[in-house]
Amino acid sequence: MSDSELRGSRQVAALFSSGRLTAIPRKPARREQLLAHLAQTLFERDRVYTEREVNDALLTVHDDCSALRRYLVVAGLLERPRDGSSYRRRR
């Protein structure tokens, strides 16, 4: 692991207390680190998720699952078809 990856990992870890996200970062760079972490740890590649499954996974770390879900989609870490019928982690 490189120094920058280690530093980023520590910064993400600092956002959690007892396994729960204390706040969604306002700074875009820090939020992007968090979102990448959530995508990697909560969602498997090549698996299709329903909105309910995405919400349930995100609720394990923070109560505002809709904001996190939206941020993940906007950041391009989760894909969603136009009809919103499913979600998939991007490759």
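Below, all heavy atoms of this structure are taken into account, side chains as well, without hydrogens, waters or symmetry copies.
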Trace of the side chain to side chain contact (heavy atoms under 4.5 Å, CB included) decision for Q11 with L15: CA-CA 7 Å; Q11 289 175 339; L15 298 171; over 6 Å; no
Shortest non-hydrogen contact between S86 and P81, atoms and distance: O-CD, 3.0 Å
Separation of L78 CG from R69 CZ (nearest 0.5 Å): 10.0 Å
Verdict with supporting geometry, T50 and Y87, side chain to side chain contact (heavy atoms under 4.5 Å, CB included): CA-CA 6 Å; T50 64; Y87 293 80; over 6 Å; no
Rounded distance (nearest 0.5 Å) linking atom CG of L42 with atom CG of L77: 11.5 Å
Distance-minimising heavy-atom pair for V61 and G19: CG1-O, 4.1 Å
Distance in Å, Q33 CD paired with S9 OG, rounded so as to fall on 0.5 Å steps: 9.5 Å
Atom pair OH/CZ of Y71 and R31 - distance to nearest 0.5 Å: 4.5 Å
More than 12 heavy atoms from other groups under 6.0 Å of CZ on R52: no
Rounded distance (nearest 0.5 Å) linking atom CG of L21 with atom CG of L38: 7.0 Å
Over 12 non-hydrogen atoms of neighbours within 6.0 angstrom of CZ in R90: no
Worked check of salt bridge (charged side-chain N to carboxylate O under 4.0 Å, His left out) between R80 and E51: CA-CA 10 Å; R80 177 182 64 193; E51 184 171 318; 6.0 Å; no
Shared hydrophobic cluster, F43 / F16 (ILVMFWY, side-chain heavy atoms < 4.5 Å): yes
N-O pairing of D46 and R88 below 4.0 Å: no
Shortest non-hydrogen contact between S17 and T22, atoms and distance: CB-CG2, 3.6 Å
Gap separating the CZ atom of R70 from the CG atom of L58, nearest 0.5 angstrom: 11.5 Å
Test side chain to side chain contact (heavy atoms under 4.5 Å, CB included) applied to R89 and Y49, step by step: CA-CA 9 Å; R89 183 173 150 200; Y49 293 88; 5.6 Å; no
